[in-house]
Amino acid sequence: MTVTTHEANVLGEDPFDTANLLDPYPFLGRLRDAGAVSYLESTGSYAVAGYQEVYEVLTDFETYISSGGLGPRDIRKDSGWRPPSILESDPPIHTVMRRALTGVINPSTVRALREPFTPPAEELTERLAQRETFDAVTDLAEKYPLRVFPDAVGIPDVGREHLLPYGNMVFNAFGPENYIFKQAFAQGDEHAAAVMRNCQRENLNDTGFGAQIWKRVEDGLITEQQATLLVRALLSAGVDTTIFGIGNTLSVLARYPEAWAQLRANPRMAKFAVDEALRLESPFQKFHRTVAVDTVLGGVHLPAGAKVLVFLGAANRDPRKWGDTADEFDLNRNASGHVAFGMGLHQCVGQPIARLEMEIVLQQLLQRVAAIEPDGAPVPILHNVLRGFESLPVRIVAG
Amino acid sequence: MTAPAGATIDAVVDQVDIVADQVVSLVLRRADGQLFQPWQPGAHIDVHVGDGLVRQYSLCSSPGELDHLRIGVLHVPDSRGGSKAVHALLAGTPLTISEPRNNFPLRESRRYLFIAGGIGITPIIPMLEAAQAAGKEWTLIYGGRSRKTMAFAQQLEDKYGPERIRIIAEDEVGRLDLDQILGMPRAHMLVYACGPGGLLGAVEERCMGWPPGALHTERFVASTLGAAAANAPFEVQLARTGTTVTVPNNKTILEAVEEVGVRVLSSCRGGLCGTCETRIISGEPEHRDAVLSEEDREAGEVMLVCVSRAAAGCPRLVLDL
């Protein structure tokens, strides 16, 4: 069969310029409309923003490999700033690490977290419900995962202050080496060293996910270095994204008072609200893959070695997948199939933990807050690949 | 292709063949000479084997031929009598069965890896036919103790060739090397595995390194209950009647609910057939069945009340009953 190919549509716009980072959706709409695959002059990479193409890139992990790194540079040629993580690996190296992690994080181990994860959410929301206004990001979203998640991993209290700056480095490095990147790496060595220290067996308690991962070294499944990197992956992937997930969910719900009322009447819907909010305001917006062999995607020839920028957040708003209301929040929508946690081989292993945290915090807030509305404009965060807010002032009615 | 659970059909054993050591193959026809309902690869039927025993057997005939159904049955000496009764059947014997039901459907994908252990080959056979007809890339890895115990091995090899059909007889080359078979995940490849619990457990463990949802299994016996499983009594609230029932540790939800006069459609009562699937309104189940997919389990929206219980720390389940 002959495949007719055409040239990718060349786009002069830069997804990493400040305006597009602070308000990504108009640009993403133009990118989707430009064709199945575009070529971005600014980064020298191809870009996919439609659900179908994003899904194809995510699920075909043989053609669109991860060992080239998730940033615009190919870390196979030009080594990265740190040893590659599970996210930056392909089978069969990826396979043993993934297997170890999946064995540790599963429905039953996650279910056991509901109990320890609930009281901190009660306490935080109880305190906020006493006030008329608060900042949903700095007073709640940034507080909660840091209260519960490092404990679940089992790291010491000392050095936890490095987790957020470290996550900021990791994710910003999936974008170009712009001023945002440079700022994130200002004290990079110090943050990286502190986080790496907490991944060592002797610094982890005996009950957390960290110790469980190290147990897989004793089982002979993974090496000590892999265990260290897996604990590091949990710590770097499990904090920022969840913070953004909580903040983004609240940013959406503050704009949809009828949804809040519906949730108050039926708090069991909280997990569906979170899922729909993740679709609409996906915390992890984009990353790169590397083309392993010459291929054709959406009728466009992609040469081996090329980088493809995969816009998860755009796929999650593609009207061809989600209909004309793709840009709207709909509590009754079935959002399953969204790619906010990725899809396929590299799909987020910590997803059930993140969902649990988001659901618990929302349910506790629903119990104590009758109404929530914006109290001033949210301040979007300037970040290369994550979508979220630095500040989200809200006004509430307690009850 | 789901027939109403519980509906029965009068059938006749048309043909009995010994297809391997301890394995008998039965060809069944409807007593009224009609065709069976269309079915899809992976389907099974209930066979009423007498004394109130009902057993599930996968269909290994071609879904394109609806004038008969074929099952393959391994004689299990220490079983509760199902396979012994089937092995005693003669051609011409009337037999009560169900229409085909499918808990193990073959999902659309680009490539398939089939893994069969022993008699687990049966549901796989129609899958091979479907994959072949659709022009898919596929391989079967079929393990057994020795070739003479492996039903249909030679026919499959003759039909599809040794490139597609890899027969691993333990007495010739040792056991299936699962690390080698599953060590390298392939994009767009689904793994379908059927066989004894030990094999499936080992396959599941290795497929943890594969994309979520890549593995599909069917177990012939309910998973062994882990020692850590929750066995404490718990409450089940029946949302439609408002009744609350306590489920003690020596009874299943199904038994406890039936005792208060509530009817629940069920069949195998062993977590194997899916008939008693019930929607969970609230509470956390501990799934002990061999039917629900990983996604189903994770979603926690349904459970099989014949074997599954409330999770440790969950004192009450509210069920849509």
Side-chain angles (χ1 to χ4, degrees), chain A residues 55-65 86 89-116 118 216 219-222 266-268 271-272 275 292 295 334 336-337 341-349 351-352 355-356, chain B residues 108-111 135 137 178-191 201-215 226 228-230 239 279-288 292-301 303 308-315 318:
Chain A
Y55 186 93
E56 178 64 21
V57 171
L58 295 179
T59 52
D60 187 353
F61 54 86
E62 291 173 24
T63 306
Y64 306 98
I65 59 171
I86 182 171
S89 67
D90 297 317
I93 292 171
H94 174 271
T95 313
V96 284
M97 290 201 281
R98 173 88 193 191
R99 191 176 144 196
L101 215 47
T102 310
V104 170
I105 298 176
N106 55 53
S108 63
T109 57
V110 172
R111 207 175 293 134
L113 294 176
R114 186 175 284 273
E115 203 187 329
T118 301
R216 306 297 278 185
D219 298 342
L221 188 67
I222 51 172
N266 187 1
R268 280 191 58 249
K271 58 183 168 189
F272 302 106
D275 208 36
T295 192
N334 178 1
S336 68
F341 290 107
M343 184 63 75
L345 191 70
H346 292 272
Q347 197 170 321
C348 177
V349 179
Q351 169 178 172
R355 286 184 183 278
L356 182 71
Chain B
E108 169 68 26
S109 196
R110 298 177 203 176
R111 300 160 165 166
E137 182 189 326
L178 292 178
D179 284 326
Q180 193 265 325
I181 295 166
L182 294 168
M184 191 73 181
R186 300 291 311 278
H188 298 295
M189 183 182 268
L190 297 183
V191 179
V203 168
E204 277 168 2
E205 163 76 22
R206 279 148 187 94
C207 282
M208 285 177 176
W210 283 59
L215 175 64
R279 198 167 69 84
I280 302 164
I281 292 167
S282 71
E284 294 273 327
E286 178 178 282
H287 296 287
R288 297 182 176 188
L292 294 180
S293 68
E294 263 323 295
E295 295 100 295
D296 285 339
R297 287 159 195 251
E298 222 152 308
E301 285 162 5
M303 69 187 299
S308 299
R309 305 182 71 84
C314 170
V318 182

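Letters go in sequence order (proteins before strands), and every chain restarts at 1.
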Check your understanding: Under the criterion side chain to side chain contact (heavy atoms under 4.5 Å, CB included), which of B/R186, B/H188, B/M189 is the partner of A/E62?
Key ->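 One option only clears the test, and that one is B/R186.
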
Check your understanding: So what's closer than 4.5 Å to chain A heavy atoms on B/R206: side chain, backbone, both or neither?
Key ->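 For B/R206, heavy atoms of backbone and side chain both lie under 4.5 Å from chain A.
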
Review point. Using a cut-off of under 4.5 Å for heavy-atom pairs, which of B/P212, B/G183, B/P185 has the most such pairs with chain A?
Key: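 Top count of heavy-atom pairs under 4.5 Å with chain A: B/P185.
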
Review point. Between A/E115, A/H346, A/E56, A/R114, which residue shows the highest count of heavy-atom pairs closer than 4.5 Å to chain B?
Key: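 Going by pairs under 4.5 Å, I would pick A/E56.
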
Exercise for review: Give a yes or no on this: more than 12 heavy atoms of other residues, nucleotides or ligands lie within 6.0 Å of atom CZ of A/F61.
Suggested key: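 Yes.
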
Of all heavy-atom pairs between [X] and [Y], which one has the smallest distance, and what is that distance?
X	Y	answer
B/L182	A/T95	O-CG2, 4.5 Å
B/M208	A/T102	O-OG1, 3.1 Å
B/G209	A/L345	O-CD1, 3.7 Å
B/M184	A/P91	CE-O, 3.4 Å

Practice item. Return the set of residues passing salt bridge (charged side-chain N to carboxylate O under 4.0 Å, His left out) with A/R355 (not counting sequence neighbours), or none when no residue passes. Key: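 Testing A/R355 for salt bridge (charged side-chain N to carboxylate O under 4.0 Å, His left out), a comparison that skips the adjacent residues, returns A/D275.
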
Practice item. Considering only NZ, NE, NH1 and NH2 on the basic side and carboxylate oxygens on the acidic side, decide whether A/K271 and B/E298 come within less than 4.0 Å. Key: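 Here A/K271 does not pair with B/E298 in a salt bridge, since their nearest N and O are not under 4.0 Å apart.
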
